[in-house]
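Since the structure comes first, as structure tokens, the remarks are kept for the end.
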Amino acid sequence: MHTSRLLRWPGTANLRTGRALATSLLAAAAVVAAAGAARAEDGTDGQGARAVLAARSPGMLEPRLPAYVNPALPVDVGPSLRGPELLSEPVATAGEPLHGMASELDETSWDEPGQIVVDARDDLDDASLADLVRDFSLRVVKPTSLFSETRIQIATVDGPVRATLERLARDPRVEAAEPLAWVRASFVANDPLMKDQWHMARVGAERAWDFASGRGVTVAVVDTGIACEDHGPFTKGTDLASTECVEGWNFVTKTTHANDDQGHGTHVAGTIAQSTNNGLGAVGLAFHARLMPVKVLNESGWGTTADVADGIRWAAEHGAQVINLSLGGPRNSKVLQSAIDDAVARGAVVVAAAGNTGGRVQFPGASDGVIGVSATDVNDKIARFSSRGQGVDVAAPGVNVTQQTICNRGRDKCQNFYAYSGTSMAAPHVAGAAALLVSLGVTDPRAVEDALRAGARVVDDSDGGKLLYGAGILDAASSVVRVTQNHIVVRLLALLVLATWVARRARKKDATATSPWRASFLLPALAAGPGLFFFAPWLLPRVELAVDVLARPIADLDLLIGASVHRWLPLANALVPLGLTALFFGVKRLRPAIAGFAVGTAAYLTSVVLLGEAAGPFGRVALVVWCAVNAAACLWIARTNLSTR
């Protein structure tokens, strides 16, 4: 466990105070300067993904792994293979042909034979839907869990599937129709005795914790579930004891108990928010974030595109700001894409594994609006098994990633620490880094991705390198430091400009107006604008709640409650200084403080517009208008309070 910054001695911090502050101001100034193969037949060959994978011989799947990987460890590859009866994941190096792996790359081989997903128009009533089913001779297997909202259902087809899908696509009552396809958890189990979390050091976890730890952010893990609660035979992970889990949903059993009976989801969740600095086990990157378990994969690690789509929608609708998808398959599902679009529109950051085929990026890793993540090893080389190509946005450590997970299908309190490899292990590093950024107020999904890409460490800037690493290898520390510096510089400059303007306007109306250049004005202005102790992360880590509170602007304090609350900017509007004016205008000595608070709030609102990192509940235009109107009102309130008449 890395604890050097978490347990930093106060004396050490004090000795470095002057140098750290000077360094932070110089860095902030530097930031300002820098700112200037489709199937030919009908798709019903009778071999679904499970049959194809189960029929493979071990020889076809035997990988050539790095020296530090133990190829003897078992890996889950399909619902027909359970427990110890598992084969090794296929891997490949860049440029090498993939032998015996056609089913990994051919999306049709992962389709469930004879079953399709029909996404009818949302406004279609039950009678019209019944007519649609009858017109195409469909047999409805079951509606999806969110059928009443999405009008998506699963059906079987008699006869050529492809022809039926083509006819459905032309029907005005249908939004999308596609084969029902399987996805699977993407990991390669590795040396369970490896306890050194090299991957956390590689993404700069310790430095990142000086600036953020994920408070107020909810991260949904759409996977096999998480060991988040004591329920029946299942128990909460011992190294998740101090991690908050919010209520999730189990799309396999249709209950609120999304317990992990496979192990993949708990391992993934640990990288995001494993309990940290508790003297036990491993660390998580955003360990103060909340985990939302959304179970869409069964105990063998398999699920369908329809269930994953429902899981994404459910997570976004129930307040997840970050959604991790350490799963995938070759089918570019329109239903899945629609769910992703809905989640992003609601302000959720969607992160997904690129896949473990060694070939092209799988879906949803390659889907629009998703941050696709490839995997790297301890030498910053692309992992041999990692998918690569168009769709990789950033790379992250994905070899020998150590976290706690369940064993014995989560029964009998069986838990242990294992090192797994796969893009499934890489993606949660990025999801954790996204949670750190959201906790700093970067709530627009596009801005989060931009910050992650800007902070990524470039190891190969050639065109070929970008297909392997995307923007580079994740550097969470660089991303959060950049964002914090940008916030400080923009808000300080906005505060300086607005305070000067208000002072001149007040003097123009009243020659005896109070000067803002006094502590009674400046301290509240700093508290409302950049934060009273905005420089704190360079002196003390914001892991401590008191430090975190003091380093935040007042308008960001609602982020500690929840990022969903912050979208409404309840503490950054003219009503707060207006209320203070109504209550205390008669107390003359408090007027400068109220004026300072009003100008600080206006500076914060100005920064929201200039930085373009926040997502409002009604879109960008509405957010800009809201900020402009309230900033103008705050400046009027400030001028009024500075007047002595």
*asked:* Just so I know, are the side chains of L474 and V373 near enough to count as touching, which here means a heavy-atom distance under 4.5 Å?
replied: no
*How are the rings of F535 and F533 set relative to one another: parallel (under 30°), tilted (30 to 60°) or perpendicular (over 60°)?*
perpendicular
*Regarding S326 and D223, is there a side-chain donor-to-acceptor distance under 3.5 Å anywhere?*
no
*Verify the distance criterion only: is there a donor paired with an acceptor across the side chains of H267 and T405 at less than 3.5 Å?*
no
*Please walk me through it: do S387 and T357 pass side-chain hydrogen bond (donor to acceptor under 3.5 Å, both in side chains)?*
CA-CA 5 Å; S387 297; T357 69; 3.0 Å; yes
*Describe, in one word, how the ring planes of F211 and W538 are oriented to each other, choosing from parallel (under 30°), tilted (30 to 60°) and perpendicular (over 60°).*
perpendicular
*How about T243 and S275: does a side-chain donor come under 3.5 Å of a side-chain acceptor?*
yes
*Any ion pair linking D210 and R207 (charged N to carboxylate O, less than 4.0 Å)?*
yes
*Identify the heavy atoms of E229 and N259 that sit nearest to each other, and give their distance.*
CG-ND2, 3.1 Å
*Side-chain H-bond candidate by donor/acceptor type, N332 with Q337, under 3.5 Å*: no
*Nearest 0.5 Å, what's the NE2-CG distance between H288 and L560?*
11.0 Å
*Could you tell me whether W182 and W110 have their ring centroids closer than 6.0 angstrom?*
no
*What distance do Y418 atom OH and Q415 atom CD have between them, rounded to the nearest 0.5 Å?*
10.5 Å
*Considering all heavy atoms of both residues, which atom of M200 and which atom of T271 are nearest to each other, and what is their separation?*
CE-O, 3.5 Å
_Check whether D260 reaches the backbone of A227 with its side chain - one donor and one acceptor, N or O, closer than 3.5 Å._
no
*Minimum-distance pair of heavy atoms, taken over all atoms of P537 and A551*: CD-CB, 4.4 Å
_The single option from V438, V349, L436 passing side-chain contact (heavy atoms from CB on, under 4.5 Å) against V217_ = V438
*Answer yes or no: is there a donor N or O on one side and an acceptor on the other, between the side chain of N408 and the main chain of G410, under 3.5 Å?*
no
*asked:* To the nearest 0.5 Å, what is the distance between CG on L452 and CG on D393?
replied: 10.0 Å
*Would you say the side chain of N277 lies within less than 4.5 Å of the side chain of F287, judging by non-hydrogen atoms?*
no
*Is there a donor-acceptor pair closer than 3.5 Å between any side-chain N or O of S300 and the backbone N or O of W302?*
no
*Under 4.5 Å between any side-chain heavy atoms of L559 and R215, yes or no?*
no
*Flag the pair D475 and R202 as a salt bridge only when some basic side-chain nitrogen lies within less than 4.0 angstrom of an acidic carboxylate oxygen.*
no
*Hey, does H429 have a side-chain heavy atom less than 4.5 Å from the side chain of V401?*
yes
*Could you state the interatomic distance from CG (D377) to CZ (F385), rounded to the nearest 0.5 Å?*
8.5 Å
_Electrostatic pair D548-R552, nearest N-O below 4.0 angstrom_ = yes
*Any side-chain heavy atom of P330 within less than 4.5 Å of one from F363?*
no
*With distance as the sole criterion, is a donor-acceptor pair present between the side chains of S439 and Q321 under 3.5 Å?*
no
*asked:* Does either side chain, that of H566 or that of T443, offer a donor lying less than 3.5 Å from an acceptor on the other one?
replied: no
*asked:* Tell me whether N324 contacts the main-chain N or O of V222 through its side chain, where contact means a donor paired with an acceptor under 3.5 Å.
replied: no
*Determine whether the side chains of S374 and R388 contain a donor N or O and an acceptor N or O closer than 3.5 Å.*
no
*So do R491 and P553 actually touch side chain to side chain, heavy atoms under 4.5 Å?*
yes
*Please round to the nearest 0.5 Å and tell me the distance separating atom CD1 of I406 and atom CG of D261.*
6.5 Å
*asked:* Within the structure provided, determine whether L327 and P364 are in side-chain contact (heavy-atom separation under 4.5 Å).
replied: yes
_Using only atom types and a distance under 3.5 Å, with no angle test, would you say the side chain of K295 pairs donor to acceptor with the backbone of L297?_
yes
*Between the side chains of H487 and E613, is a donor N or O closer than 3.5 angstrom to an acceptor N or O?*
yes
*Taking the side chain as C-beta and beyond, is there a heavy-atom pair between R331 and Q362 under 4.5 Å?*
no
*So which heavy atom on V394 is nearest to which on G472, and how close?*
CG2-O, 3.2 Å
*Polar side chain donor-acceptor pair, N278 to S242, under 3.5 angstrom*: no
_Test applied, side-chain contact (heavy atoms from CB on, under 4.5 Å); reference residue, L325; option that passes from I312, V294, V351, L336_ = I312
*Are the charged groups of D380 and R457 less than 4.0 angstrom apart, N to O?*
yes
*For the pair Q262 and N298, evaluate side-chain hydrogen bond (donor to acceptor under 3.5 Å, both in side chains) and give the outcome as yes or no after the intermediate values.*
CA-CA 7 Å; Q262 204 272 349; N298 62 22; over 6 Å; no
*For the pair R290 and E244, find out whether any cationic side-chain nitrogen is under 4.0 Å from an anionic carboxylate oxygen.*
yes
*Which distance, rounded to the nearest 0.5 Å, do you find between the CD1 of I272 and the CG of L291?*
6.5 Å
